[in-house]
K.L.:
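Got a structure for you, written out below as structure tokens; questions coming shortly.
Atoms within each ligand, like the ligands themselves, are counted from 1 in listed order.
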Amino acid sequence: MTDSATANRETLGFQTEVKQLLQLMIHSLYSNREIFLRELVSNASDACDKLRFEGLHNAALFENESDLNIRIAYDKAARTLTIADNGIGMSRDEVINNLGTIAKSGTREFFSKLSGDQQKDANLIGQFGVGFYSAFIVADKVTVTTRRAGENADQGVRWESDGGGEFSIEMLDRAARGTEITLHLREDQDDLLDGHRLRGIVRKYSNHIVQPIVMFKEEWKDGKQEITSEEETVNQASALWARSKNDITDEQYKEFYKHVGHDFDDPLAWSHARVEGRQEYTQLLYVPARAPFDLWDRNARHGIKLYVRRVFIMDDAEQLMPQYLRFVRGVVDSADLPLNVSREILQESKDIEAIRKGCTGKVLGLLSDMAENDKEKYAQFWAAFGKVLKEGIGEDFGNKDKIAGLLRFASTNADTPEETVSLADYIGRMKDGQEKIYYVTADTFNAAKNSPHLEVFRKKGIEVLLLSDRVDEWALSYLTEFDGKQLASVAKGGLDLGKLEDEKEKEAQQKEADEFKPLTDRIKTSLAERVKEVRVTHRLTESPACLVADERDMSGNLARLLKAAGQNAPASQPILEINPQHPVVLRLRSEEKRFDDWAAVLFDQALLAEGGQLDDPATFVKRINQLMMEMGS
Ligand code: ADP
């Protein structure tokens, strides 16, 4: 090491999350340790792609060397393995940021929530895009030497770490552009210093990488490092998506996914097609098996890799997928777009709109297919991404019916929230005379399942969908009917069961309404502004009272959600409905002294039962205690 190098050498600490991750990584991934090579090659390939892209606008970056490749060298004597690329390289700041921190927001919370078992789950850890750190599975020291394309030769950087808490960084001269990563192998990793073994690993995991991966053996001779075996290209080095489907194995599709999706897990499904017509393009789109931890992070990277005639254009081209399909990963390769297309152009391009439409249709088709032919797989998809897909009901009017067909709901027909039904299932089971699809919305599955609004439906054996996702109420406001059947909230408007009730029932109800008119009027006077109306209902069989929203008003559940989200919900008064069969209601008819207290308790408990919050809980408790004491005396 030269003096000047020592002088600028600095030691820095890893971000806490990186330290945790390094430890987890080494243990959880050890059984599949050879994937470190896949990850480093994947990064090298991305670095070449980035240079290609930046080089489109700035040819000087190529420094007169535009053949991009990845080189793997092994040295038995030094016990090192080196993965090098002549891609974009990194500046000093980039090295510190990229190899010292995990930039993705939300990682800290995520880590603190991982249970012991989850920590051992390699696939979960893989979703951080922690590829580089996997080097420490097999190495006890890693040295990275890099120079960013276009910088002067004295802007080289060396990063080094033993995977403990720190890394060192120093500037040095480096003629070659790009990045070289040297792994000083751990004691028991000598099997990796073998050309045959390494070629096998590369072909297994990285055959699809578009740049040639060149391999050779190095050796020290007279104090100098020399290449002693012939260089050979190990991978197929052609764009996988450009090949014919018949020439691609499932394994190859899966390995390619891990590269484009930055995922350690296999994908759930994929669709590969060449589209011809007004726009000509190839699409290879994947549905992941599980949700990334940053699915709800607005700043998270997502989208599709865009190529134009096999030249990499950009990562995360979010214009190629609608928001509600943001979990889809893959590649679109256009034959028509100009090479210098920018994000701004993408936003306004009609061609891109056509491609997005095509890709959306493909993904929805893939999902419909899965829903029909592989219910178990679809259930897995739904558990991971159902909430996101629901956004499509409000977002993509053109595909609303298709998306509605993909929705799944918990239902009174099942015991757990995991057993779900489709709208088509529901319609298939509708009772004779039933005209509507009934649903209830609440904060939680249990609140929905035990909602007093369901009582009459349970009695009559009518199925009700139980909705407890935050997006449900919003999404359903865009879905008023499915397959000719109206969707109706059981907590809104008057209860009209149509032909599900016979004339006799209807007559009896009318009679009761008349009979209880003095009582409902009296309660309304007592509750005054708190309610819009008080009326007798036949939707209750067990509870004394419930609240419903007027047909055109916002439901109580939605008003609460909006309030919780800090938004102004227009104040609308609920309607109090009372059960004329219930002993408490019957007793109220003869109550004199405490009538106002009884009425208030009736209202408050109805609010509580549907998951609402009391304005004045202390007074409620006081009233209850007062009434209990009086009943005892
Ligand atoms: P990911 O690749 O999923 O972002 P990694 O931990 O593997 O996560 O890499 C972190 C970052 O380091 C990359 O996003 C990239 O910016 C940078 N990087 C890694 N390897 C290279 C390389 N060979 N050349 C240039 N940059 C690299």
Side-chain angles (χ1 to χ4, degrees), residues 14-15 17-22 24-26 29 35-55 61 68-73 81-107 123-137 139 142-151 155-159 161 163 167 169 174 176-183 205-206 209 211 213 257-265 288 292-294 299-303 305 312 314-316 329:
F14 282 119
Q15 183 194 25
E17 288 90 316
V18 176
K19 275 189 261 178
Q20 287 174 307
L21 185 84
L22 276 165
L24 293 179
M25 186 113 204
I26 293 164
L29 294 178
I35 54 116
F36 81 92
L37 195 54
R38 170 187 86 193
E39 294 301 314
L40 296 181
V41 166
S42 180
N43 282 348
S45 170
D46 285 346
C48 292
D49 276 349
K50 277 181 202 151
L51 176 60
R52 257 278 165 263
F53 174 62
E54 288 190 24
L61 292 180
L68 301 180
N69 61 34
I70 299 166
R71 298 157 70 84
I72 299 178
L81 196 59
T82 301
I83 294 94
D85 64 73
N86 57 356
I88 192 74
M90 284 178 273
S91 67
R92 183 176 181 278
D93 286 351
E94 286 171 329
V95 170
I96 294 176
N97 269 325
N98 293 338
L99 309 184
T101 61
I102 302 177
K104 293 180 182 169
S105 59
T107 43
N123 292 328
L124 210 58
I125 292 169
Q127 49 160 282
F128 287 97
V130 290
F132 169 74
Y133 300 108
S134 65
F136 288 100
I137 307 172
V142 176
T143 312
V144 179
T145 326
T146 183
R147 178 172 64 75
R148 204 173 200 290
E151 298 278 8
Q155 292 298 302
V157 186
R158 176 190 286 142
W159 177 103
S161 175
F167 60 90
I169 191 137
R174 181 175 156 84
R177 161 197 84 215
T179 304
E180 184 178 296
I181 300 177
T182 300
L183 312 185
Y205 296 110
S206 309
I209 294 291
Q211 297 84 10
I213 302 172
Y257 164 72
K258 289 174 191 170
H259 171 59
V260 287
H262 291 267
D263 194 350
F264 279 39
D265 221 348
F293 73 99
D294 56 3
N299 302 316
R301 305 190 312 190
H302 46 73
K305 263 184 195 243
F312 172 74
M314 68 179 77
D315 262 326
D316 312 322
R329 298 286 178 267

K.L.:
Mark up the atoms of ligand 1 that fall under 4.0 Å of a heavy atom belonging to Ala47, in ascending order.
P.N.:
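Those qualifying, in numeric order: 22 (C), 24 (N), 25 (C).
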K.L.:
Assess whether a salt bridge exists between Asp46 and Lys305, defined as any Lys/Arg side-chain N lying under 4.0 Å from an Asp/Glu carboxylate O.
P.N.:
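Yes, Asp46 and Lys305 are salt-bridged.
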K.L.:
Could you list the residues that satisfy side chain to side chain donor-acceptor pair (under 3.5 Å) with Ser206, not counting sequence neighbours?
P.N.:
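Residues passing side chain to side chain donor-acceptor pair (under 3.5 Å) with Ser206: none at all.
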K.L.:
Would you say Phe132 and ligand 1 have an N/O pair spaced under 3.5 Å apart?
P.N.:
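For ligand 1, there is an N or O atom that lies under 3.5 Å from one belonging to Phe132.
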K.L.:
I'd like to know if the side chain of Thr179 pairs up with that of Thr146 as donor and acceptor (distance under 3.5 Å, no hydrogens or angles considered).
P.N.:
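Present: a donor and an acceptor within the cut-off.
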K.L.:
Side chain, backbone, both or neither: which part of Asp85 comes within less than 4.0 Å of ligand 1 when only heavy atoms are counted?
P.N.:
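The part of Asp85 near ligand 1 is the side chain, not the backbone.
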K.L.:
Which heavy atom of Leu81 sits nearest a heavy atom of Phe36, and at what distance?
P.N.:
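Minimum heavy-atom contact is CD2-CZ, 3.6 Å.
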K.L.:
Is Tyr133 in polar range of ligand 1, meaning some N or O pair under 3.5 Å apart?
P.N.:
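So ligand 1 has no N or O lying under 3.5 Å from an N or O of Tyr133.
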K.L.:
Under 3.5 Å between any N/O of Asp46 and any N/O of ligand 1: does that happen in this structure?
P.N.:
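Not met; the criterion fails.
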K.L.:
List every atom of ligand 1 that sits less than 4.0 Å from any heavy atom of Gly131, numbering the atoms from 1 in the order shown and giving each element.
P.N.:
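What qualifies from ligand 1 is 5 (P), 6 (O), 7 (O).
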K.L.:
List for me each residue that meets side-chain contact (heavy atoms from CB on, under 4.5 Å) alongside Glu54, sequence neighbours excluded, and say none if there are none.
P.N.:
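Leu61, Ile88, Arg148.
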